[in-house]
Amino acid sequence: MTDRDTRRRALFDFLDRRGIPYTWYEHPEARTCEEARRWWRDDGSTHCKNIFLRNHKGDRHYLVCFKASEQLGIRDLERRLGEGKLTFASARRLEHYLGVESGSVSPFGLINDTEHHVHLFLDRALEHAPSYAFHPNDNRATVVIAHDAFLAYLAAAGNTYEFSDLCPERARNPDL
């Protein structure tokens, strides 16, 4: 069993122990949303882009999730947080805080953040999505999880989170 298989199994065990329903499917490795698009199923779920960021001091970390079809307004988020420039966290930080490799980032990595250090930002457009699709800490599979089940997962993971306007293009054009 590989590290990625172990990470996937740990997530499934976490969800199963808590009675949180989900479905999943395997596919070839997909390190980006652009690569993954060809494997996505037409199941009505919202596919998300997930970015792990750190502040300029490196003492705060943020997981940011938004629709794969949108662009993050990182400068707006920087202004709102007032912590200076945000940058991508290193591979070492990804492993330390979320227990994943680059290309496998998702909110499911929060099960590995036992100190609840990482704050999760979810774009407001995700707030009422019926279901979501994320990697299960392994970019060779996709988990589909209903909205209420995802909120139950977030409560069980224990990290702070919030729904917020993260994609300014949609704010300028609400029809997106």
Side-chain angles (χ1 to χ4, degrees), residues 3-4 6-18 20 22 24 30-33 36 46-68 70-127 129 131-139 141-145 147-167:
D3 283 347
R4 291 190 292 182
T6 300
R7 290 174 177 151
R8 183 191 317 179
R9 182 78 261 152
L11 172 67
F12 294 164
D13 290 346
F14 183 93
L15 296 171
D16 292 343
R17 279 193 310 273
R18 288 157 181 84
I20 298 172
Y22 62 95
W24 69 282
R31 296 182 55 80
T32 66
C33 287
T46 299
H47 291 271
C48 301
K49 188 175 282 190
N50 306 283
I51 299 174
F52 189 53
L53 302 170
R54 60 172 279 236
N55 68 352
H56 74 286
K57 291 181 183 178
D59 61 349
R60 298 209 178 163
H61 295 83
Y62 305 99
L63 179 56
V64 181
C65 301
F66 51 98
K67 285 184 176 181
E70 296 191 357
Q71 295 296 315
L72 174 66
I74 195 164
R75 301 297 168 246
D76 293 340
L77 184 57
E78 287 172 344
R79 279 191 290 281
R80 191 165 72 226
L81 292 172
E83 295 184 31
K85 185 175 172 136
L86 297 173
T87 58
F88 289 105
S90 67
R92 184 182 58 79
R93 289 173 190 264
L94 268 174
E95 177 64 37
H96 177 76
Y97 291 107
L98 298 179
V100 300
E101 299 170 350
S102 178
S104 295
V105 177
S106 86
F108 292 133
L110 295 174
I111 66 168
N112 299 307
D113 181 19
T114 57
E115 295 180 11
H116 309 298
H117 176 80
V118 177
H119 180 76
L120 174 62
F121 282 103
L122 298 146
D123 185 56
R124 184 145 339 267
L126 301 175
E127 192 167 14
S131 62
Y132 310 96
F134 299 109
H135 286 312
N137 301 331
D138 171 6
N139 61 16
T142 296
V143 165
V144 177
I145 187 166
H147 174 82
D148 290 344
F150 181 63
L151 294 181
Y153 160 75
L154 291 176
N159 291 67
T160 57
Y161 71 92
E162 64 187 275
F163 287 93
S164 187
D165 291 316
L166 301 174
C167 300

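Remember, it's a predicted structure, so these values are computed and weren't measured experimentally.
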Between atom [atom1] of [X] and atom [atom2] of [Y], what is the distance when rounded to the nearest 0.5 Å?
X      : Y      : atom1 : atom2 : result
Leu154 : Leu122 : CG    : CG    : 6.5 Å
Ile51  : Ile74  : CD1   : CD1   : 7.0 Å
Lys67  : Thr46  : NZ    : OG1   : 5.5 Å
Cys167 : Asp76  : SG    : CG    : 10.0 Å

Run the numbers on His119 and Thr160 for side-chain hydrogen bond (donor to acceptor under 3.5 Å, both in side chains), then give the verdict. CA-CA 5 Å; His119 180 76; Thr160 57; 2.6 Å; yes

For Asn137 and Ile111: C-alpha separation, side-chain torsions, deciding distance, then whether side chain to side chain contact (heavy atoms under 4.5 Å, CB included) applies. CA-CA 10 Å; Asn137 301 331; Ile111 66 168; 4.2 Å; yes

Taking the basic N atoms (NZ, or NE/NH1/NH2) and the acidic carboxylate oxygens, is any pair closer than 4.0 Å for Glu127 and Arg124? yes

Side chains of [X] and [Y] in contact at under 4.5 Å (non-hydrogen atoms):
X      : Y      : answer
Leu166 : Arg80  : yes
Val64  : Leu77  : yes
Val105 : Asn139 : no
Pro107 : Tyr161 : no
Ser131 : Ile145 : no
Glu78  : Glu83  : no
Phe12  : Pro136 : yes

Looking at [Y], is its backbone amide N or carbonyl O close enough to the side chain of [X] to form a donor-acceptor pair, meaning the two atoms are under 3.5 Å apart?
X      : Y      : value
Arg54  : His56  : yes
Asn55  : Asp59  : yes
Asp123 : Asp165 : no
Arg79  : Gly84  : no
Asp113 : Val118 : yes

Quick one: closest heavy-atom pair of [X] and [Y], and the distance?
X      : Y      : result
Gly58  : Arg93  : O-NH1, 2.9 Å
Ala157 : Leu110 : CB-CB, 4.2 Å
Leu98  : Asn112 : O-ND2, 2.7 Å
Asn50  : Ser106 : CG-CA, 3.9 Å
Cys48  : Leu126 : SG-CD2, 3.9 Å
Ala133 : Thr142 : CB-CG2, 3.8 Å

May I ask you to check whether Ser104 and Arg7 show a side-chain donor-acceptor distance below 3.5 Å? no

Just checking Tyr153 against Phe14, ring centres under 6.0 Å apart? yes

Only one of Phe88, Phe121, Phe52 forms a ring-ring contact (aromatic ring centres under 6.0 Å, His included) with Tyr62, so which one is it? Phe121

Answer yes or no: does atom CD of Glu115 have more than 12 heavy-atom neighbours from other residues, nucleotides or ligands under 6.0 Å? no

Residue set satisfying ring-ring contact (aromatic ring centres under 6.0 Å, His included) with His117, at least two apart, ordered chain then number -> His61, Tyr97

Indicate the ring-plane relationship of Phe134 and Tyr132, choosing parallel, tilted or perpendicular according to the 30° and 60° boundaries. parallel

